[in-house]
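This chain uses plain numbering: 1 for the first residue, then up along the sequence. Just so you know, ligand 1 is whichever comes first in the structure, and atom 1 is the first atom listed for that ligand.
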Amino acid sequence: MDSASSSARTVAACVIGGIVLGASVVALHLGAGPAAPSLPPVEALRRRFRRRHRPVRVYMDGCFDMMHYGHCNALRQARALGDELVVGVVSDDEITANKGPPVTPLHERMKMVRAVKWVDDVIPDAPYAITEDFMNKLFNEYNIDYIIHGDDPCLLPDGTDAYALAKKAGRYKQIKRTEGVSTTDIVGRMLLCFSHGHGQNIDDSGFGNGTKISHFLPTSRRIVQFSNGRGPGPDSRVVYIDGAFDLFHAGHVEILRLARGLGDFLLVGIHTDQTISSTRGPHRPIMNLHERSLSVLACRYVDEVIIGAPWHISKDMFVTCELGLSLGKLGPLIYIC
Ligand code: CTP
């Protein structure tokens with residue numbers, strides 16, 4: 001082979017190689033036609049990039065009627081499965097059609113869900129079952145990656161699974177339901193308490209009716225999971241508020257919001273069951289000290305709680321709680337009664 005034809009072949013090979021490479025790059029950018037087998041399609045690349053660079057958004061829905069720490073624990077676990085938690089609060093009509101009328105109306109349930117510190121966004125009037133339309137809305141408008149529910153079956157009146165479509169789409173995840181509490185259980189405690197009524201003696205343990213039938217077993221791990229784990233800074237303006245916070249409701253949330261607005265750190269004292277029984281009657285509280293503490297701790301306005309706060313507050317109490325640093329001067333403390 002002479003040198004002229006060899007260099008012509010080299011040039012031709014370069015030109016053809018260049019064209020093939022150029023065409024592959026263009027095809028890759030336009031996402032048109034199958035690219036070289038070793039190159040993933042552009043859409044897959046785009047998706048991978050988006051997934052890597054945008055937060056994972058998860059969705060949990062529910063009635064959240066008479067919101068309790070079991071609901072809060074469900075939201076906490078759901079949030080841990082992603083970076084952002086969007087919560088759908090089911091409409092009053094949908095609840096009525098599927099389980100009977102709710103005790104608390106939508107606007108109160110919305111307020112309670114919004115106040116939970118693991119919630120990033122709330123959708124009102126969510127449907128009870130995940131329909132095709134709603135699921136597409138979640139995926140396309142709200143950029144939801146996964147739909148989450150507790151591990152208890154959620155059946156519609158016709159016996160079908162409310163999350164069947166999400167499961168079929170491979171976009172369903174489950175969290176562990178919290179044992180020992182439910183809205184029905186709380187209503188039962190209330191009925192029991194009212195049927196026995198005022199004037200009933202406190203039992204030997206010194207607890208009221210509601211707390212006697214609580215099946216909740218507090219563990220230090222659960223308390224830690226609900227805690228912020230942060231104390232006040234040296235110059236923090238600490239606000240203290242105490243109370244029973246029994247059957248934690250929208251009124252409690254509102255006063256905690258206002259209290260937090262008065263300073264930088266909100267400490268909430270939760271009275272003991274005995275204190276509440278002796279001041280409000282033997283039929284109270286409905287929720288025991290640890291149950292009430294978890295509901296308060298889950299609230300986004302609360303920084304710390306005293307589990308079993310004394311009825312009378314003293315300077316010593318705050319020093320014991322290691323808030324002495326900021327309260328050494330006792331200047332920044334605001335006490336709301
Ligand atoms: N949930 C939970 N633990 C509980 C109660 C509820 O993990 N003790 C979860 C449910 O599995 C669901 C979410 O909280 O994912 C919202 O529950 P909701 O729709 O309000 O209704 P229920 O499951 O019926 O709860 P409850 O019986 O307390 O009304």
Between Lys168, Lys167, His149, which is the residue that forms a side chain to side chain donor-acceptor pair (under 3.5 Å) with Asp161?
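Of the listed residues Lys168, Lys167, His149, the side chain to side chain donor-acceptor pair (under 3.5 Å) partner of Asp161 is Lys167.
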Using a distance-only test with no angle check, is there a side-chain donor-acceptor pair under 3.5 angstrom linking [X] and [Y]?
| X | Y | value |
| --- | --- | --- |
| Asp65 | Thr183 | no |
| Asp158 | Thr160 | yes |
| Asn73 | Lys176 | no |

Distance under 4.0 Å to a non-hydrogen atom of [X]: what atoms of ligand 1 satisfy this?
| X | value |
| --- | --- |
| Asp152 | 11 (O), 23 (O) |
| Ser182 | 27 (O), 28 (O) |
| Val181 | 4 (C), 8 (N) |
| His149 | 11 (O), 12 (C), 15 (O) |
| Met60 | 15 (O) |

Say whether [X] and [Y] are linked into one hydrophobic cluster, either directly or through other cluster members, by side-chain heavy-atom distances under 4.5 angstrom.
| X | Y | answer |
| --- | --- | --- |
| Trp118 | Val224 | no |
| Ile186 | Leu75 | yes |
| Val113 | Phe248 | yes |
| Ile148 | Val119 | yes |

Ligand 1 and [X], any nitrogen or oxygen pair closer than 3.5 angstrom?
| X | result |
| --- | --- |
| Ile148 | no |
| Gly62 | no |
| Thr184 | no |
| Arg177 | yes |
| Asp61 | no |
| Ala74 | no |

Measure the distance from [atom] to every protein heavy atom, then report the residue, atom name and distance (to 0.1 Å) of the closest one.
| atom | answer |
| --- | --- |
| atom 22 (P) of ligand 1 | Lys99 NZ, 3.8 Å |
| atom 19 (O) of ligand 1 | Cys63 N, 2.9 Å |
| atom 25 (O) of ligand 1 | His71 NE2, 3.6 Å |
| atom 29 (O) of ligand 1 | Thr183 OG1, 2.8 Å |

Tell me, please, which residues at least two apart from Tyr128 pass side chain to side chain donor-acceptor pair (under 3.5 Å).
none
Heavy-atom proximity to atom 20 (O) of ligand 1, best of Tyr128, Phe64, Tyr69
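Shortest heavy-atom distance from atom 20 (O) of ligand 1: Phe64.
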Does ligand 1 have an atom under 4.0 Å from some heavy atom of His68?
yes
Cationic tip of Arg171 above Phe139 ring, under 6.0 Å, 45° of axis:
yes
Residue portion contacting ligand 1 (non-hydrogen atoms closer than 4.0 Å) for Asn73:
neither
Within a reach of under 6.0 Å around OH of Tyr146, are more than 12 heavy atoms found that belong to other residues, nucleotides or ligands?
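Count not over threshold, so no.
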